[in-house]
Amino acid sequence: MANVAQVYERNQEATIYVGNLDPKIDEEVLWELMVQCGPVANVHLPRDKITNTHQGYGFVEFKNEEDADYTVKIMNMIRLFGKPIRCNKSSQDKKTNEVGANLFIGNLEPEVDEKMLYDTFSAFGVLLFAKVMRDPDTGASRGFGFISYDSFDGSDAALAGMNGQFLCNRPISASYAYKKETKGERHGSAAERLIAANRPSDLPKGPGAAPAKGGGKGGPPGMPSMRPPMLPPGMPPPPGMGMGGPPPGMPRY
């Protein structure tokens with residue numbers, strides 16, 4: 001019961017989730033890394049009861065919420081033992097944040113890593129993740145990746161602002177990613193936008209997300225907006241975008 005009590009006593013607002021941890025990382029290494037951002041109250045790595053190896057993720061509790069927020073901003077996607085770690089507030093459920101605002105980013109220079117991809121595209125909105133696809137044997141970049149925003153405002157802005165722009169002296173391509181387990185259907189459809197637009201307003205947002213614009217206007221609470229989820233003016237619809245899309249057989253998100 002001691003572990004259960006520890007979970008409830010932890011200050012969830014001052015606690016961050018840290019994922020994609022290399023097996024060589026232990027509590028001491030994680031503590032030494034995170035203490036650079038602020039005073040740490042506790043580090044917990046859930047471990048297998050039989051092998052005693054950690055399961056690739058952990059929780060770091062800071063002594064105040066401001067240090068936790070600061071850590072999420074600067075430590076997310078930092079490479080540790082060759083793997084980009086993922087940091088977000090543990091009180092947030094990432095799965096409920098995903099709305100389908102997933103972009104495929106192609107023609108990446110080999111030197112573009114997860115941190116650079118995240119930093120470049122976070123200017124357009126709140127990113128839930130940024131992933132560079134790599135060769136499983138060598139770890140080398142395969143020249144493309146995926147990013148996901150917490151809203152279509154961010155993904156639309158990134159698509160309009162970055163498709164064809166240069167990153168590390170190479171023009172990159174940006175398009176809505178193909179959905180998993182579908183035949184050529186892309187994210188960013190009108191149906192996904194309608195669902196996202198009518199999500200309950202009390203669902204958690206990503207780190208640092210601002211309240212939704214125009215909330216509470218246009219009708220009684222709980223009534224779907226009568227405005228259709230249109231694409232920005234001049235932007236081609238996601239399905240059938242021929243340029244920059246991944247070839248057949250490429251991973252989908």
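What you see below is based on every heavy atom in this structure, not just the backbone, and it leaves out hydrogens, waters and symmetry mates. Computed from a predicted model, the values in this text were never measured in an experiment.
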| field | Derivation of the salt bridge (Lys or Arg N to Asp or Glu O under 4.0 Å) call for Lys73 and Asp69 | value | CA-CA 7 Å; Lys73 292 178 181 177; Asp69 293 333; over 6 Å; no
| said: I'd like to know whether Glu192 forms a side-chain contact (heavy atoms from CB on, under 4.5 Å) with His187, so could you lay out the CA-CA distance, the side-chain angles of the two residues, the decisive distance to 0.1 Å, and finally the verdict. | reply: CA-CA 7 Å; Glu192 278 188 326; His187 285 288; 2.9 Å; yes
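- For the residue pair Asp48 and Gln55, the shortest heavy atom distance occurs at N-NE2, 4.0 Å.
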| request: Evaluate the salt bridge (Lys or Arg N to Asp or Glu O under 4.0 Å) criterion for residues Glu114 and Arg79: first the C-alpha distance (whole Å), next the side-chain angles of each, then the deciding distance (0.1 Å), finally the verdict. | output: CA-CA 8 Å; Glu114 289 80 2; Arg79 297 183 75 83; 2.6 Å; yes
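- Under the rule for a side chain to side chain contact (heavy atoms under 4.5 Å, CB included), Pro136 has no partner lying at least two apart in sequence or in another chain.
- Scanning all heavy atoms of the two residues, the minimum distance from Cys87 to Asn76 falls at N-OD1, 2.8 Å.
- Formation of a donor-acceptor pair under 3.5 Å by the Arg193 side chain with backbone atoms of Gly188 is found in this model.
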| query | What do the steps show when you test Thr15 against Phe62 for side-chain contact (heavy atoms from CB on, under 4.5 Å), and what is the final call? | reply | CA-CA 6 Å; Thr15 301; Phe62 289 87; over 6 Å; no
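- Between Val60 and Val40, the closest side-chain pair of non-hydrogen atoms falls below 4.5 Å.
- Tracing side-chain contacts under 4.5 Å through hydrophobic residues (I, L, V, M, F, W, Y), one reaches Ile85 starting from Phe81; they form part of the same cluster.
- Taking the side chain as every heavy atom from C-beta outward, Tyr57 and Arg86 never approach each other to under 4.5 Å.
- Remark: Asp135 CG is packed, more than 12 non-hydrogen atoms of other residues, nucleotides or ligands lying under 6.0 Å away.
- Remark: side-chain polar atoms of Asn163 are not paired, donor with acceptor, to backbone N or O of Leu159 under 3.5 angstrom.
- Summarising the geometry of Ala101 relative to Tyr176, their closest heavy-atom pair is CA-CE2, 4.4 Å, with the distance given to 0.1 Å.
- Using a 4.5 Å heavy-atom cutoff, the side chains of Lys89 and Val72 are in contact.
- The shortest heavy-atom contact between Pro171 and Gly164 is CB-O, 3.8 Å.
- Salt-bridge formation is not detected for the pair Asp67/Lys63: no Lys NZ or Arg NE/NH1/NH2 atom is positioned less than 4.0 Å from an Asp or Glu carboxylate oxygen.
- Within the model, atoms CD1 of Ile78 and CG of Leu33 stand 8.0 Å from one another, a figure rounded to the nearest 0.5 Å.
- Taken to the nearest 0.5 Å, the CZ atom of Phe104 stands 10.0 Å off from the CE atom of Met133.
- Taking 4.5 Å as the limit, some side-chain heavy atom of Leu117 sits within range of a side-chain heavy atom of Ile105.
- Of the charged side-chain nitrogens involved, none lies within less than 4.0 Å of a carboxylate oxygen, so that Glu111 and Arg170 do not count as a salt-bridged pair.
- In this structure, the side chain to side chain contact (heavy atoms under 4.5 Å, CB included) partners of Ser148, at least two apart in sequence or on a different chain, are Asn102, Leu128, Phe129.
- Separating the CD1 atom in Ile172 from the CZ atom in Phe166 is a distance of 10.5 Å, to the nearest 0.5 Å.
- Here the side chains of Glu185 and Tyr178 are not in contact, with every heavy-atom distance at 4.5 Å or above.
- The two residues Asp22 and His54 have their closest heavy-atom pair at O-NE2, 3.0 Å.
- The CG atom of Leu167 sits 8.5 Å away from atom CD of Glu109, with the distance rounded to the nearest 0.5 Å.
- Val99 and Ile195 fall into different hydrophobic clusters, defined by Ile, Leu, Val, Met, Phe, Trp and Tyr side-chain heavy atoms under 4.5 Å apart, directly or through other members.
- With salt bridges taken as basic N to acidic carboxylate O contacts below 4.0 Å, none links Asp113 and Lys131.
- Here the side chains of Asn11 and Glu61 are in contact, with some heavy-atom distance below 4.5 Å.
- For Val112 against Arg134, the heavy-atom pair with the smallest separation is O-NH2, 4.3 Å.
- Residues Cys37 and Ile74 meet the side-chain proximity criterion, which asks for heavy atoms closer than 4.5 Å.
- The aromatic rings of His44 and Phe59 sit parallel, their planes meeting at an angle under 30°, below the 60° perpendicular limit.
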| message | Please determine whether side-chain contact (heavy atoms from CB on, under 4.5 Å) holds for the pair Met34 and Ile16, giving the CA-CA distance in whole Å, both sets of side-chain angles, and the decisive distance to 0.1 Å. | response | CA-CA 10 Å; Met34 295 301 170; Ile16 68 169; 4.2 Å; yes
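- With sequence neighbours excluded, the residues forming a side chain to side chain contact (heavy atoms under 4.5 Å, CB included) with Ala158 are Leu103, Phe121, Phe124, Tyr149, listed by chain and number.
- At a threshold of 4.5 Å between non-hydrogen side-chain atoms, the residues Lys179 and Arg186 do not count as touching.
- To the nearest 0.5 angstrom, Met77 atom CE is 8.5 Å from Leu127 atom CG.
- Interatomic distance, CG of Asn52 versus CZ of Arg47, reported as 5.5 Å (0.5 Å rounding).
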